**Q** 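Here it is: the structure, laid out below.
Quantities reported herein were computed from a predicted structural model and do not represent experimental measurements. Order of appearance sets the numbers: ligands from 1, and atoms from 1 within every ligand.
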Amino acid sequence: MNAKNKVLISGGAGYIGSHTAVELSEAGYDVVIIDNLTNSEINAIEGVRKITGKDIPFEKVDTCDINELRKVFEKYDFDTVIHFAAYKAVGESMAQPLKYYNNNLISFLNIMELMKEFDRPNILFSSSATVYGEAESLPVTEQSPRQPATSPYGNTKQMCEDILRDSCRAYPGIYGIALRYFNPIGAHPSSLIGELPRGVPNNLVPFITQTAAGIRECLSVFGNDYDTPDGTCLRDYIDIVDLAKAHVAAVRRMTSGDMQEKYEIFNIGTGKPVSVLELLTTFQEVNDIKVPHKMVDRRPGDVPAVWANTDYANHVLGWKAERTLAETLKSSWDWEKKIRKIQ
Ligand code: NAD
Ligand code: WQD
């Protein structure tokens with residue numbers, strides 16, 4: 001197989017990386033995974049191998065260590081890198097900004113330096129809807145202005161997007177795509193891989209599944225006095241397998257020479273706003289389980305509503321979210337039951 005069909009996945013033992021490794025492998029790509037396992041477990045690699053039936057190579061490497069990373073570039077002849085390796089907890093980034101700037105920026109700069117050094121053309125970067133902040137109009141398109149970041153985490157996403165844009169502009173051999181993910185949720189239908197938050201989850205769905213499993217007593221719904229149909233916040237929850245497939249579409253675009261610009265940005269969401277209460281109700285109905293919950297004050301920093309206009313990804317990538325919210329929330333609960341050994 002030639003280098004065009006080989007993809008290096010940094011952070012590939014993580015939540016989005018592991019699902020992407022599966023979809024890429026099933027689409028016929030050869031993948032190589034690197035991860036330092038600071039926010040993931042080796043079991044995820046075993047899960048990916050089990051689902052695909054392939055002995056996918058894995059190297060335990062810290063992408064901040066350029067010498068270790070160089071050995072990966074020397075050993076494997078991939079044309080494309082998908083860069084997931086980053087820290088992602090917004091609250092922790094406020095408390096420990098240097099940890100976030102160090103890891104998320106150095107890691108990405110090292111990847112970019114080596115792409116240049118080894119003439120590897122295609123880089124796909126994991127960006128986030130967080131770059132839109134509190135948008136002036138909804139849904140947001142890729143042309144909606146980015147708002148000043150409200151956390152060091154969000155700032156690293158904006159800075160990496162800028163590094164990518166400038167590098168694509170300056171270096172003739174480098175092509176970049178930034179995918180701005182909305183709110184990824186769910187697990188692989190096999191329940192062999194899924195999200196593994198450490199400690200108390202910050203995100204809504206893992207908090208719901210852990211409450212359903214009896215690990216948390218009660219879900220706090222952060223604010224029911226927003227100017228939204230039921231008073232709770234609106235988000236665009238994107239299924240993890242659909243999200244993984246968006247990476248396959250983006251890699252295909254890069255490797256087939258279809259890119260119109262050297263740097264392209266795509267929103268990856270469903271295009272449908274869902275409220276916290278609507279999501280909670282759907283979870284309870286589809287899984288036939290009650291989740292204790294109470295209304296509490298708004299969480300500082302939350303935007304009332306954000307959802308994607310996905311026309312560009314739908315038309316240009318030929319990709320569309322397919323799984324329903326109910327299917328996705330069933331997969332979340334199946335995964336939680338599997339890891340907690342609940343019958
Ligand atoms: P995750 O924490 O599950 O996966 C990230 C992986 O990167 C982990 O396995 C971690 O061990 C690894 N990693 C971190 N620093 C590393 C380093 N220096 N060297 C090697 N490996 C390193 O997170 P995720 O949810 O899969 O997110 C993947 C990417 O998508 C991140 O860049 C994140 O910022 C971005 N993103 C995530 C979300 C979300 O809600 N999950 C939304 C938007 C964007
Ligand atoms: C969703 C909704 C909460 C927990 C975060 C990051 C963002 C991106 C995705 C990486 C909100 C409500 C939550 C709870 C609740 N990550 N909620 N009770 O804040 O939209 O986005 O993850 O790039 O950058 O900020 O996701 O899952 O935390 O919250 O009521 O216990 O659920 O208020 O309305 P968020 P979330």
**Q** Check if Tyr181 has a non-hydrogen atom at a distance under 4.0 Å from any atom of ligand 2.
**A** no
**Q** Hey, which atoms in ligand 2 end up nearer than 4.0 Å to a heavy atom of Val90?
**A**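 Once the distances to Val90 are compared, the set is 6 (C), 25 (O).
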**Q** Tell me whether the rings of Tyr100 and Tyr153 are parallel (<30°), tilted (30 to 60°) or perpendicular (>60°).
**A** perpendicular
**Q** Non-hydrogen atoms of Arg235 versus ligand 2: any pair closer than 4.0 Å?
**A**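 A heavy atom of Arg235 does come that close to ligand 2.
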**Q** Look at atom 15 (C) of ligand 2 and say which protein heavy atom is nearest, naming residue and atom and giving the distance to 0.1 Å.
**A** Phe222 CD1, 3.3 Å
**Q** Between the side chain of Arg180 and the main-chain N/O of Thr130, is any donor-acceptor distance below 3.5 Å?
**A**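 No, the answer is negative, given that no donor and acceptor are paired below the 3.5 Å cut-off.
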**Q** Could you list the donor-acceptor pairs under 3.5 angstrom formed by side chains in residues 104-112, with sequence neighbours left out?
**A**
residue	atom	partner	partner atom	Å
Asn104	OD1	Tyr87	N	2.8
Asn104	ND2	Tyr87	O	3.0
Asn104	ND2	Thr156	OG1	3.2
Ser107	OG	Thr63	OG1	3.0
Ser107	OG	His83	NE2	3.3
Ser107	OG	Ala85	O	3.4
Asn110	ND2	Thr63	O	2.9
Asn110	ND2	Cys64	O	3.0

**Q** Without swapping roles, check the side chain of Asn155 against the backbone of Ser151 for a donor-acceptor pair under 3.5 Å.
**A**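 A pair under 3.5 Å: no.
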**Q** For ligand 1, what is the set of protein residues having any non-hydrogen atom at a distance below 4.0 Å?
**A**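 If the criterion is a heavy atom under 4.0 Å, then ligand 1 touches Gly11, Ala13, Gly14, Tyr15, Ile16, Asp35, Asn36, Leu37, Thr38, Asn39, Ser40, Val61, Asp62, Thr63, Cys64, Phe84, Ala85, Ala86, Lys88, Asn103, Ser126, Ser127, Ser128, Tyr153, Lys157, Tyr181, Pro184.
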**Q** Looking at Asp242, is its backbone amide N or carbonyl O close enough to the side chain of Trp319 to form a donor-acceptor pair, meaning the two atoms are under 3.5 Å apart?
**A** yes
**Q** Does Lys272 have any salt bridge (Lys or Arg N to Asp or Glu O under 4.0 Å) partners at least two apart in sequence or in another chain, and if so, which?
**A** none
**Q** In terms of residue, atom name and distance, what is the protein heavy atom nearest to atom 36 (P) of ligand 2?
**A** Asn203 ND2, 3.4 Å
**Q** Where's the contact between Ser220 and ligand 2, heavy-atom distance under 4.0 Å: side chain, backbone, both or neither?
**A** backbone
**Q** Just say parallel, tilted or perpendicular for the rings of Phe283 and Trp333, cut-offs at 30° and 60°.
**A** perpendicular
**Q** Show every side chain to side chain donor-acceptor pair (under 3.5 Å) that has at least one partner inside residues 280-290, sequence neighbours left out.
**A** none
